[in-house]
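Below you'll find the structure, written out as structure tokens, and then a few comments.
Index from 1, following the sequence. Given the structure is predicted, the values throughout are model-derived calculations rather than measurements.
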Amino acid sequence: TSGQGQFGIRDILKFGVYQLAVMQAYSRVKGYLFEPTIRELVDVAEGSIDERWTKIDILRNITNDERYNQVELILWMDADAMIIDFHNFDVQKLAAEAPNADILASADIRQGYINTGVLLIRNNAWSGWFLHEWWNRHDREALCDQDAFDLLYTNYINSNTVDTLNREEKLSKVKIF
């Protein structure tokens with residue numbers, strides 16, 4: 001985020017300038033489409049919700065946008081994260097390590113499932129559905145995005161009404177590294 005709110009501190013904003021340049025270079029080296037998202041372009045009123053939620057709205061909108069139908073993978077990185085090993089890290093290889101997973105994320109150091117600062121999302125119907133549910137199902141003023149993910153994913157893997165997948169198949173939808 002680029003705001004000065006609770007989660008947009010000056011040091012992260014300064015780092016974000018470098019992150020932007022490095023990620024643009026990485027995308028160029030790998031031949032990936034690179035479209036940075038600037039906070040001011042997001043249609044969320046300043047201060048109306050925890051700013052960490054904006055990434056879910058952005059990702060949800062990308063999966064619903066016909067301009068991105070041919071994009072297989074969407075990589076989200078917060079401004080305080082970057083790829084530094086251009087030669088050995090490849091998002092295509094990471095996705096290939098979990099061919100059944102539609103969302104790939106790093107584990108969170110707290111008690112939750114994932115850290116949403118880096119997300120690799122397959123651009124498909126399931127991911128679009130999950131992002132829609134993630135954005136719409138929970139009170140964005142009461143929960144942070146990570147806690148809402150935990151609740152939604154837990155409910156999904158234990159539900160018999162959402163789809164016909166068994167529990168093991170549902171568990172494979174998200175890969176946590």
Side-chain angles (χ1 to χ4, degrees), residues 7 23 26-27 30-35 37 49-177:
F7 303 102
M23 295 313 299
Y26 174 80
S27 297
K30 295 294 185 177
Y32 296 150
L33 173 67
F34 177 72
E35 290 191 7
T37 301
I49 62 169
D50 178 337
E51 289 187 17
R52 294 173 292 183
W53 273 98
T54 59
K55 74 186 81 165
I56 310 311
D57 193 35
I58 292 165
L59 292 166
R60 182 179 64 93
N61 288 328
I62 289 171
T63 61
N64 289 324
D65 190 328
E66 291 181 4
R67 294 176 295 171
Y68 300 104
N69 281 351
Q70 301 305 312
V71 174
E72 177 188 357
L73 296 167
I74 303 162
L75 177 64
W76 173 272
M77 296 187 79
D78 283 354
D80 61 347
M82 74 169 72
I83 297 168
I84 56 174
D85 186 350
F86 285 23
H87 301 290
N88 292 316
F89 181 81
D90 189 288
V91 295
Q92 298 283 347
K93 289 179 184 175
L94 181 62
E97 290 180 25
N100 296 324
D102 293 320
I103 297 176
L104 294 86
S106 62
D108 192 30
I109 60 171
R110 59 185 181 88
Q111 296 175 349
Y113 288 122
I114 68 168
N115 180 313
T116 61
V118 178
L119 297 169
L120 183 58
I121 308 225
R122 289 190 199 280
N123 190 13
N124 61 28
W126 187 88
S127 294
W129 168 82
F130 192 87
L131 289 163
H132 173 82
E133 293 294 307
W134 192 357
W135 178 255
N136 289 301
R137 186 170 287 201
H138 299 287
D139 181 352
R140 294 184 291 278
E141 292 182 13
L143 290 173
C144 74
D145 60 321
Q146 291 179 179
D147 291 342
F149 174 92
D150 294 350
L151 288 172
L152 178 61
Y153 187 57
T154 299
N155 288 337
Y156 170 71
I157 60 177
N158 292 314
S159 171
N160 293 324
T161 59
V162 174
D163 55 32
T164 59
L165 300 178
N166 64 41
R167 191 174 200 291
E168 186 174 315
E169 291 168 320
K170 289 179 181 185
L171 284 168
S172 73
K173 290 294 195 180
V174 174
K175 174 66 176 171
I176 302 169
F177 290 95

Salt bridge between Lys170 and Asp163, side-chain N to carboxylate O under 4.0 Å?
-> yes
Is a side-chain N or O of Trp53 found less than 3.5 angstrom from the main chain of Leu143, in a donor-acceptor match?
-> yes
Output yes when a side-chain donor or acceptor of Glu169 lies under 3.5 Å from a complementary backbone atom of Asn166, and no otherwise.
-> yes
Looking only at non-hydrogen atoms, find the nearest pair between Asp90 and Tyr26 and report the distance.
-> CA-OH, 3.4 Å
With the side chain counted from C-beta on, respond yes when Ile103 and Phe130 share a heavy-atom pair under 4.5 Å apart, and no when they do not.
-> yes
Quick one: list whatever passes side chain to side chain contact (heavy atoms under 4.5 Å, CB included) with Ala98, sequence neighbours left out.
-> Ala101, Leu104, Lys175
When Asp147, Asp150, Thr154 are each screened for side chain to side chain donor-acceptor pair (under 3.5 Å) with Tyr113, the one that passes is Thr154
Which atom pair, heavy atoms only, marks the closest approach of Met23 to Met77?
-> CE-SD, 3.4 Å
Which value, rounded to the nearest 0.5 Å, describes the distance between Leu120 atom CG and Leu73 atom CG?
-> 5.0 Å
Looking at Tyr156 versus Phe149, is the centre-to-centre ring distance below 6.0 Å?
-> no
Between Ile56 and Leu131, which heavy-atom pair has the shortest distance, and what is it?
-> CG2-O, 3.9 Å
Please work out whether the ring planes of Trp126 and Trp129 are parallel, tilted or perpendicular, with thresholds of 30° and 60°.
-> tilted
For Gly128 and Thr63 the tightest heavy-atom approach is CA-OG1, 3.6 Å
Between the main-chain N or O of Arg60 and the side-chain N or O of Asn64, is there a donor-acceptor pair closer than 3.5 Å?
-> yes
Would you check if the side chain of Ser127 reaches a backbone N or O of Asn123 as a donor-acceptor pair within less than 3.5 Å?
-> no
Of all heavy-atom pairs linking Thr116 and Gln146, the shortest is N-OE1, 3.0 Å
Within the side chain of Lys55, is there an N or O that forms a donor-acceptor pair under 3.5 Å with the backbone of Trp76?
-> no
Kindly determine whether Trp134 and Asn136 satisfy side chain to side chain donor-acceptor pair (under 3.5 Å), including the steps that lead there.
-> CA-CA 6 Å; Trp134 192 357; Asn136 289 301; over 6 Å; no
Just jot down the side chain to side chain contact (heavy atoms under 4.5 Å, CB included) partners of Glu35, sequence neighbours excluded, or say none.
-> Leu33, Tyr68
Any donor-acceptor N/O pair, Tyr153 side chain to Leu171 backbone, under 3.5 Å = yes
Are the side chains of Val174 and Ile157 in touch, meaning some heavy atoms are under 4.5 Å apart?
-> no
